[in-house]
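Here is the structure we will look at, set down as structure tokens.
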Amino acid sequence: MALSVDSARYRWQRRGARSPSQALSESTPLLLSVRAKPKLSPNTWRTVLPDNGRQWKDWKQASTVYSRNRIQTTKYTWFTFLPRNLLRQFHRLSNLYFFFLVVLNWFPQVEVFHREITMLPLVMVLLFSMIKDAVEDYRKYQYDKRINFTKTRVYDKEEHAYVEKCWKDVRVGDFVQLQCNEIVPADILLLHSSDQNGICHLETANLDGETNLKQRRVVMGFSSQDAVFEPEFFQNTIICEMPNNDLNKFKGYMEQPNHEQVGLNIENLLLRGCTIRNTEAAVGIVIYAGHETKAMLNNSGPRYKRSRIEQRMNRDIFSCVGLLFVMCLVGAVGHGIWTGKFWEHPPYDVPDWNGNFVAPVLAGFYMFLTMIILLQILIPISLYVSIELVKLGQVFLIHNDIDLYDEEADLPIQCRALTITEDLGQIQYIFSDKTGTLTENKMVFRRCTVDGIEFSHQENDRRLKTQRELDLEDFAKLQHFTLPPMNLERPATYKPSTVRPLRRCQSDRAHSKGHTRSRSVGRRDSSQSQVAFSSPIEKDVTPDSRLLRRVREAALQTESFSPFIHMKTSTSFTDFFLALAICNTVLVSTATEPRQRVTIPPPIKPSGITLEKIHQIFQRLKLASLSQSFSSSQSSSQLGASFSAKSPEEPLAVLESCDNDNNGSASGGQQLQDKGSTEMGTASLEEVFRSAASTSLPADFCYEAESPDEAALVYAAQAYGFVLVSRTPEQVTVQLPQGTLLTFDILYTLGFDSVRKRMSVVVRHPLTKEIVVYTKGADSVIMDLLDNSSTGDISSDKRLKRIKERTQKHLDYYAHDGLRTLCIAKKVLNEDDFQKWANFRREAEAAIDNREELLIETAQHLETKLTLLGATGIEDRLQDGVPDTIVSLREAGIKIWVLTGDKQETAVNIAYSCKLLNQRDTVFTINTENKETCESLLNLTLEEVKKNYECDKPRRKFFGIIPTPLPAPEAPSPKFGLVLDGRTLTIIFQGGLEEKLLELARHCRSVLCCRSTPLQKSMVVKLVRRQLKAMTLSIGDGANDVSMIQAADVGIGISGQEGMQAVMASDFAISRFKHLKKLLLVHGHWCYARLAKMVIYFFYKNVCYVNLLFWYQFFCGFSGSTMVDYWQMIFFNLFFTSVPPLLFGALDKDVSAETLLRLPELYRNGQNSEIYNLSAFIITMLDAFYQSLICFFVPYLTYKDSDIDVFSFGNPINTISLLTILLHQALEMKTWTVLQLVTMLCSVALYLIFSLIYNAACLLCSPPTNPYWIMERQLKDPTFYLLCLITPVIALLPRFFIFALRGTLGASLVLKAQQIEKLPKEQQDLEIQKLRSRKEATSSAPVASPASNDDLDQSISHLCVSPFLHPAAALSPRDTENQGVSASNPLGRRTYEEGYYFFNRWAEEESAATDSSAGPSSGHHPLVASRETAPGQDGKDYLKNFNYGSHRRSVSSVTL
């Protein structure tokens, strides 16, 4: 059999080694590498043969090699459970240690206990773990069984028809037929779809949580089949890559019988776990099955992480091992000394059968081993099991916290990692994404600029300020989108006219070939289908009145070609909104059940208006146009003044007033339109659009977008009347404002990728028949792709240049306002250029190797020499509670870094909005691409920061008289913030400047890393975690945050609108950023305090009890004897004292949740590991030694001269130790519940009941001494009661005294909070306010705000002394050209010298605000004069512009 499989493999390799098709029509240098013969390795390529009977022998052999579709997520089977589970448990050193003791106790020379007794603790621990693992594995088995026996339809070559089979019986090469709402059973290559365009729609919610639909296409060459797909005629061979876990990539090719090859990509692959939507039937061939599918390869399960407490505990266990070694060594030496005192062998020393006695050295070694067995419980074997149980309880309480439940999204918190709950209470650094984490990821269209004219959308802004997110009831009703009727009589916000709930098909059966599918487990039955990015706040856009009128005029011009409006202007407005509606991948679906894709425009009633009527209207509009141009001849200052008076809060009014270009399309003419100067034109236009209102579309459509940005732009276009009506792979239909339907032929769609940072669509215009490329993307990319060549027309060139400059200014202002910016551009191609490019594109699509690179390269060839249409500003709104959460976390001593890929200006403004940066902070911005420059900047900034940081120290000591707790190590400085970009991070990591960055960042309370890649995010997290040894937390919501989340000690995913990739990689999943406040400050504090105290208590309990046996050895000749019965000794830790610590670790609350939220400073208790550290461990050990001495020697001195037996002496000691240990825990407990009180009483009762029964029943348990009737006799003895009353008091008195002294003299903040909670409610509020005001006075006093000119002069002179600041000394001309201040000046794309500083002083800003004569440059002091001043512009004017671009809200903003 092996030989035949090898021969089959050889044939597959030979098939794969054939050269690709040589029938390509044109050879281009771009694809020379593709035409070479591919060298396919059997380790990297897979050959798939169809199971249709044609290649049955090869397929049969392949089926034994490739994985079947049966999945098994269980760890064990019925036969392997016992050995594999034991092997897994003995990987834990503590279990291995106790197993060694069990084996050791079987040797008679060192036997201490009965062999069965020694095995009991280990057996109980192993049995508990086995039961837990068995229950967990059985649940996985039930899930696997349900999945494996799900039914699907597979082609049977014997019956020549599709038959139902279980998922587990599906194999690679099988043909599978899928129907609507059915889950895909394996990774299947799509060969046929019931859709006429060969499209199949998928919902990937099971993989990434995204509810929006994805498109998958039939393999090229199969989409044109009109007849039903017949698998028996399929003769192709598929060669593809080996199984991998990349969900976004797939490459391979299909070889036809004539050796032609067709390329395959991820768009042809249906992934296991996805759900078929909006497609009646689809057929494909299985490529990967079972555990080789991409979904299963990504299912690695929960990761195991070791918490910091567990690491500390492991070190302390080794300390206990050392202590045990010392105690055993003392016992062995003591035994030797004891026996050495006898002149002859004592009677109990029995010789062997030869009459020889054991040598003293060997006897000492035996005693050493005996003492190890006797004192074995010094190592807490039950501690690991107890910690697992306590963490399960903590996770249960966190999961059921109603405050961490998002009612709107119906999402509770998910605790995916069960081993690091206590790490939530020790976080020192938080690394956060911005979009979707701090913001809602609900993109709201705010403003736009078209043709260099800015439209502020003030009506929409007012709506957003008054309209908050819908409540739960409205949110549940409006989870859909419907196209509105064209009622243009009101300029109000467009809203859905009907309310129709959208639900995907539940009971509908998809029919194919007359066969009705029965409902099975494989069918996805979704009770409710949410349309992504369709909340009312995203859909409803109030149009700008000025822009709405211009759009109407341009739309009519598009249809009528009227000569009365400037053709280029009208085209720009029309093309702008056409690009918004067309340049995307948005699907138009029906709102009925099930949702079906709209591919044919619905019939509409023809408009009653004719072209002649439109011409008459435009003749009446001519006078209005002339009056506008006449009015626009007024001075720019008057226009600016009137514009500013109209919108005083609009910063762009200042920009327009400063512009000396008197363009008729600027603000003056726009303003006059609003003043009623064109009433007759308005009336005529209203006549047109009233007529168009009768052509409204059916209101049962919904838009399904892949990203919120796309949805926001489509909704904006729809608000202005450019309604996306239908979309197919070949055509897209848009309704114009006047009701006309335009159907564009889609020639190519170039999707968005992170390399190009843009997407394009190539269409043929239905009116002009031109080939137009519409492009949208990041402004940093689009602006560099614009056509800068001269057209020969001077006025036209000036106009284009002016449009570009104005648009750039508008973009910079959008970024400063925290808006996300996109540029819209177009390009018109002639037929020859397009055909040439299309040939290159087809060859790239057919390529096998480097297909992605070639596709990107062809797209870049097309997207050049673009014409700018305009730009958009989209607001990503802050989530509720984000500023309050960040302030609280900062007060808790946590440093917060924001790692984002957004623009620097946007990130800085969001940082101010969410209070990440304070208004009185000094913000350092470092942007550079040169290592030497970067190092100089870091040194210079660090020197300045250290100088101010050192000045704070004496002031902090001056206020040290206030009894406040010490700050956490490396507490964030209250004055500095740091902003970096991705290029600077690259230089820092490549140039070995990490230590300087960390040293600078340690003195900054906030750090922003902008334009950072996912790899850079993870590198930053790892740098802080490893170099600073700090506890880190990463939080994000998207796939680009996965590496950052996995690199941190604690990873938190937000289940937002970007899918579930971040959640699947996280340890905890929340739905809102504000939940992080209670998760850390309350649950984190509780989990750390509970577990730390419980671990310390376990060490104390075991050491205290073991020392009782050790002290007894001094009175029994170090013989290894005990004064307590073996069973009572074993049950002491196993039952009598095991349950109270569990409840203590799960339920105790040292401070209430309300107080923890009101005093975030209490979180520092866990940050500094104040409860469980080395000193706490040593003090606990000393206390355990002291208490054991009291518990042993008080009864010893009481019974010293009596004649009681050994067990009568040991029974009071055992009872006293039990009471002392339980009362010790009672002192530690801060919250008493009925359950805890009952548990402690039951522990004492269980001990007494067991002792009474055991002592009464045990006649000959351990001869010659027996515990018979011991407890019964002592319960009648008053001395026993007196000992049980006095001894625990004496033992616990020092601890109680220390607690009282600590609470009286040097109360910590936690103790103060506990004392405050005992006061009445009114006094509590007053005391908390006093604590907070005292803290604010302490923190605000040392703030070194540069308020005097002398300080400024000193700072200037100090900075100017630095040789770096001298251009000749520090920078070469090339450096001066290429390096500079990257984002501090939005008024132009000019790059300034590095080393240029500007200071914005708070006091001078205040004086400038009160003094009307103060110029805008009064708040800035350049430390080095810039040599790059515009011609004719003096230094004051330069500073005026430079000031406007500064961080306006910061006290002192320094840009490097």
Side-chain angles (χ1 to χ4, degrees), residues 63-92 95-96 123-152 154 165-172 174 183-187 205-209 243-245 247 271-274 286 288-306 384-385 387-389 391-392 395-396 399 414-420 520-524 1046 1060 1063-1067 1069:
S63 64
T64 62
V65 178
Y66 296 147
S67 172
R68 297 194 178 189
N69 205 40
R70 180 179 180 271
I71 64 168
Q72 178 180 345
T73 60
T74 58
K75 299 177 183 176
Y76 315 105
T77 64
W78 293 106
F79 301 102
T80 63
F81 175 75
L82 188 61
R84 292 190 64 180
N85 188 268
L86 287 176
L87 182 64
R88 177 175 171 269
Q89 293 201 56
F90 281 122
H91 280 137
R92 183 173 287 175
N95 292 340
L96 205 58
V123 170
M124 292 295 294
V125 170
L126 296 179
L127 186 61
F128 171 80
S129 298
M130 279 186 179
I131 294 174
K132 181 175 69 71
D133 291 344
V135 171
E136 179 183 351
D137 217 52
Y138 183 72
R139 290 178 180 174
K140 292 182 179 180
Y141 168 75
Q142 292 291 98
Y143 174 79
D144 293 345
K145 183 178 179 181
R146 181 168 61 89
I147 293 298
N148 289 328
F149 284 88
T150 301
K151 299 293 184 180
T152 190
V154 181
K165 287 187 178 181
C166 297
W167 277 22
K168 65 182 183 66
D169 298 324
V170 175
R171 299 183 178 183
V172 174
D174 282 346
I183 298 178
V184 181
D187 288 354
N206 290 345
L207 292 183
D208 54 21
N244 58 72
N245 62 352
L247 295 172
L271 298 182
R272 177 189 175 110
C274 297
V286 177
Y288 308 120
H291 290 277
E292 293 181 343
T293 58
K294 292 182 179 291
M296 293 301 297
L297 291 174
N298 275 278
N299 186 16
S300 58
R303 296 172 296 131
Y304 178 78
K305 288 185 176 181
R306 288 174 53 188
Y384 289 99
V385 178
I387 287 178
E388 288 184 4
L389 291 175
K391 288 183 178 180
L392 285 176
V395 166
F396 176 79
H399 183 76
Q414 301 178 37
C415 302
R416 299 171 54 83
L418 307 180
T419 57
I420 57 172
S520 65
V521 185
R523 183 175 297 280
R524 165 72 177 244
Q1046 292 178 338
M1060 298 293 286
V1063 171
M1064 290 187 292
S1066 65
D1067 304 310

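Just so we're clear, the structure is a prediction, and the values are computed from it rather than from any experiment.
Between the Asn95 side chain and the Gln89 main chain, a donor and an acceptor come within less than 3.5 Å of each other.
Looking only at atom types and distance, the side chain of Asp144 has a donor-acceptor partner in the side chain of Thr73 under 3.5 Å away.
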Passes side-chain contact (heavy atoms from CB on, under 4.5 Å), Arg416 versus Asp1067? Steps please. CA-CA 5 Å; Arg416 299 171 54 83; Asp1067 304 310; 5.7 Å; no

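Scored by the salt bridge (Lys or Arg N to Asp or Glu O under 4.0 Å) test, Arg139 finds no partners at all (sequence neighbours excluded). For Phe90, the ring-ring contact (aromatic ring centres under 6.0 Å, His included) partners two or more places apart in sequence, or in a different chain, are Phe99. Residues passing the ring-ring contact (aromatic ring centres under 6.0 Å, His included) test with Tyr143, sequence neighbours excluded: none. For Asp133, the salt bridge (Lys or Arg N to Asp or Glu O under 4.0 Å) partners two or more places apart in sequence, or in a different chain, are Arg88. Applying the salt bridge (Lys or Arg N to Asp or Glu O under 4.0 Å) criterion to Lys132, with sequence neighbours excluded, gives Glu388. Considering only residues two or more places apart in sequence or on other chains, Tyr76 meets the ring-ring contact (aromatic ring centres under 6.0 Å, His included) condition with Phe81.
No side-chain heavy atom of Asn69 sits under 4.5 Å from any side-chain heavy atom of Arg171. Annotation: side chain of Asp169 is not in contact with side chain of Val154 (no heavy-atom distance under 4.5 Å). Thr77 is listed as a side-chain neighbour of Gln72, based on a closest heavy-atom distance under 4.5 Å. In this structure, Trp167 and Arg272 have side chains that are in contact, with non-hydrogen atoms separated by less than 4.5 Å. Leu297 has its side chain within reach of Pro243: a pair of non-hydrogen atoms, C-beta onward, lies under 4.5 Å apart. The side-chain heavy atoms of Met130 and Leu86, taken from C-beta on, include a pair separated by under 4.5 Å.
Counting non-hydrogen atoms of neighbouring residues, nucleotides and ligands closer than 6.0 angstrom, the CZ atom of Phe128 exceeds 12 such neighbours.
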